[in-house]
Protein chains: 2
Amino acid sequence: MGRKRTKSGKIRLAEVAELAGVSPITASRFFRNPEALSVAKRTRVESAAKELGYVPNLAARALASQRTEVIGVLIPSLTNNVFSDVLRGIYDASEGSRYSIQLSNTRYSILQEEKLLRLFLAQKPAGLIVTGIDQTAESRAMLEAADCPIVQIMETGPDPVDMMIGFSHYDAARAAIAHLFEQGHRRIGFVGARMDPRVQRRLDGYVSAMKDAALFDQRLVVTTATPTSVTLGGALFTDLLAREPEIDAVFCANDDLALGVLFECRRREIAVPGQIAIVGFNDLEFMASAVPTLTSVRTNRYEMGKTAATMLIEAIEGRRPEQPVLDLGFKVIERQSSSARRSDNRPGVSGAGAANKMIALPSSHD
Amino acid sequence: MGRKRTKSGKIRLAEVAELAGVSPITASRFFRNPEALSVAKRTRVESAAKELGYVPNLAARALASQRTEVIGVLIPSLTNNVFSDVLRGIYDASEGSRYSIQLSNTRYSILQEEKLLRLFLAQKPAGLIVTGIDQTAESRAMLEAADCPIVQIMETGPDPVDMMIGFSHYDAARAAIAHLFEQGHRRIGFVGARMDPRVQRRLDGYVSAMKDAALFDQRLVVTTATPTSVTLGGALFTDLLAREPEIDAVFCANDDLALGVLFECRRREIAVPGQIAIVGFNDLEFMASAVPTLTSVRTNRYEMGKTAATMLIEAIEGRRPEQPVLDLGFKVIERQSSSARRSDNRPGVSGAGAANKMIALPSSHD
DNA sequence: AGGAACGTTGACAGCGCTACCAGCAACGAC
DNA sequence: GTCGTTGCTGGTAGCGCTGTCAACGTTCCT
């Protein structure tokens, strides 16, 4: 009557239990909460499972327990370097745990995010990682009604749904501008692409810092909804120069744009930082090795992903972190591209030689 | 008797069936094979499902049907730009289908890959995408025994497990070297990092091309197992120059290295391409916007991911592609950094000006 | 010595869905 | 008119695991 071996030849929990001489339910407990077993049975089940090469059937487990061991991750982009670092952190943290990552790409659309959220939630994930704090009202309601831990990543803000880990893009932008002020720059342009909420907040930080110094001018701001790229950095900078030839610095909303600006300067024989200083955002690896080296705002992307996933897993397992909102901060990494202005006698258009001399400038930090 | 509404308040198939006035099994069929229903019942079930907001329980479905709707993807790195493009293609292709992507990172370890493969296979995935053709014997055996379609991506080779989509890294490297030969370069260095199998094959292609021209010299090759980076490109190039100061071109195993070499040249005031030509690999976005623009070998990464996933899904659903092995090819995109050597009178060390003149050179393609 | 408290174990009854097969009507072939 | 054949539908019986609860033995307290 009782089926012996399953037709597919797969090892089931029942086989393990039989070999170990315990009931199936005891074997089941071994995999969920080993401490609940006596040491004798624990070792018996363990060796039986190993001997048979038992692998639990996740679908059956999910069905019976009414929950899955899936962590849903919603990010806006798969190509942006920023997110690949975050993702790597998330995957690293999930590795070795029982949880698996289910990734979806919102493509910077909060409507798409809402749709994906609905899909995820229907499968009762163990936890959820979502990007940012700008969800639709509907998404927000779903998140709040969800009976699983949730971490919002990439930025901090008031009113977290549950846990939150990130930093203030607004403050980071202000710090970048403050650094440029310190170095003696005054007419500082802003170059931004994609203009997702976090880039927007960087712009807000830029605007407020400039206004505080009574230096704000709308003509200094060039943005586009187009996805970011190095080439785009050059194009936006070209626009900026056309509007406002007298700028002495550019704050770029990300490093790709900054690199594009650097190349465009080289193309136009504009000395960096002699004539124009450049500051990027994120501190991608290449910033330290460009010529001149490029100043940027370092953000802890890998740590953000890793910590988010770690916190989430802890919370799933009932150990809520003492500190549900974490600000990982940022750091302005000062390099050659934003060194102090030397003098007023700007090098002429044949300034390529001058640009080369920049190499002699000391790299401030890092 | 029969339980009415599930305690969790969730809508089940039974509720949909009841509202539609059909048996549960008929409702079930609607979601798997709508054509099998009469038009009347089909529309009834459809509207009932919509009205109740029914979402199928994937765990139950997987348990009952003994298979999942998960496509496993094994890639070696999450940070490498190359893979993020491939991944984007895979996710784009899976979107809208019933299949979900389960991603794992082998970290360039075939042992790790074997472990992950075992894990994946135990959950009976609907299909599998694996990177490359260098699996362990054990992995290979598991793949061959797997009863699901499999696509190997990133390169082509003999003896596919099932389907395969990629290109020949060996041929691509040879084409890059042939291009440099055409431009008059002879002492061509090779710079490579990580040295995973595909980079190794690029090196093999380089070696064979150089040997064919009787120009091979072991001192021209600088490699390291270290993961690639822009900074590393500069360091490896420095090594190469120390070994062999008389080189006139560098073939970089990827674009990050190429950018690092470019920066190092700038730092050393070596004219590109006047004194040294640079060719990269992959044709990342920034290559077209560097100064000088950088020649690279374009590979169709996004298409590779997208086509792989599309082929896989087709195969899962029983429509095996007529052509199970697909070579997506490559293309040498000739840009300023590898333009023809002009003359023998090399510009002096103050060659930065000369480098700037490069801007005037026409960009060949793209 | 009695009883509470604890730690450990097992029986039962599904979780929500689908594979399998049987049934039934409608239709055409002979 | 009988017999397949086809198209559609439904019943039965699980898929492999776990939640719940009861039962058991042991220890410790009073």
Residue-phosphate contact under 4.0 Å: A/Arg61 side-chain N/O, C/dC15 OP1/OP2: no
Would you say C/dC17 has OP1 or OP2 under 4.0 Å from some side-chain N or O of B/Ser28? no
When you get a sec, tell me which of D/dT18, C/dT9, C/dG16 is the closest nucleotide to the side chain of A/Ser38? C/dT9
In whole angstrom, give the distance that lies between atom CZ of A/Phe31 and atom P of D/dT18. 9 Å
Let me know the distance between CD1 of B/Ile25 and P of D/dG11, rounded to the nearest Å. 10 Å
Please report, rounded to the nearest Å, how far the C1' atom of C/dT18 is from the CG atom of B/Leu37. 14 Å
Describe, in one word, how the ring planes of B/Phe83 and B/Tyr108 are oriented to each other, choosing from parallel (under 30°), tilted (30 to 60°) and perpendicular (over 60°). perpendicular
Any donor-acceptor N/O pair, A/Thr307 side chain to A/Met304 backbone, under 3.5 Å: no
Length of the line joining A/Leu13:CG and C/dA11:P, which is rounded to integer Å: 14 Å
Go nucleotide by nucleotide along DNA chain D from the 5' end; which of A/Val55 and B/Pro24 gets its closest nucleotide reached first? B/Pro24
Heavy-atom count check: over 12 atoms from other residues, nucleotides or ligands less than 6.0 Å from B/Arg67 CZ? no
Which one, D/dC17, C/dG16, D/dT9, comes nearest to the side chain of B/Lys41? D/dT9
Would you kindly give the CD-to-C1' distance between A/Gln123 and C/dC17, to the nearest whole Å? 13 Å
Taking CG in B/Asp147 as the centre, count heavy atoms belonging to other residues, nucleotides or ligands within less than 6.0 Å. Is the count above 12? no
Interatomic distance where CD1 belongs to A/Ile11 and C1' belongs to D/dC15 [whole Å]: 16 Å
With a 4.0 Å cut-off on heavy atoms, is A/Arg42 in touch with a base, just the backbone sugar-phosphate, or nothing at all? nothing
D/dG19 base / A/Arg29 side chain donor-acceptor hit below 3.5 Å: no
Could you tell me whether the phosphate oxygens of C/dC17, OP1 or OP2, come under 4.0 Å of any side-chain nitrogen or oxygen in B/Gln66? no
Taking only the side-chain nitrogens and oxygens of A/Ser65, find out if one of them lies under 4.0 Å from OP1 or OP2 of D/dT18. no
Residue of the set B/Gln152, B/Arg140, B/Glu155, B/Glu113 for which side chain to side chain contact (heavy atoms under 4.5 Å, CB included) holds with B/Asp134: B/Glu155
Looking across every strand, which nucleic acid part, if any, lies under 4.0 Å from B/Ala62 by heavy atom: base, sugar-phosphate, or nothing? nothing
Taking only the side-chain nitrogens and oxygens of B/Lys124, find out if one of them lies under 4.0 Å from OP1 or OP2 of D/dG16. no
Protein-nucleotide distance (B/Leu63, atom CG; D/dT18, atom C1'), rounded to Å: 12 Å
Check the distance between C/dC17's P and B/Asn33's CG and give it to me in whole angstrom. 18 Å
When you get a sec, tell me which of D/dC15, D/dC17, D/dG11 is the closest nucleotide to the side chain of A/Tyr54? D/dC17
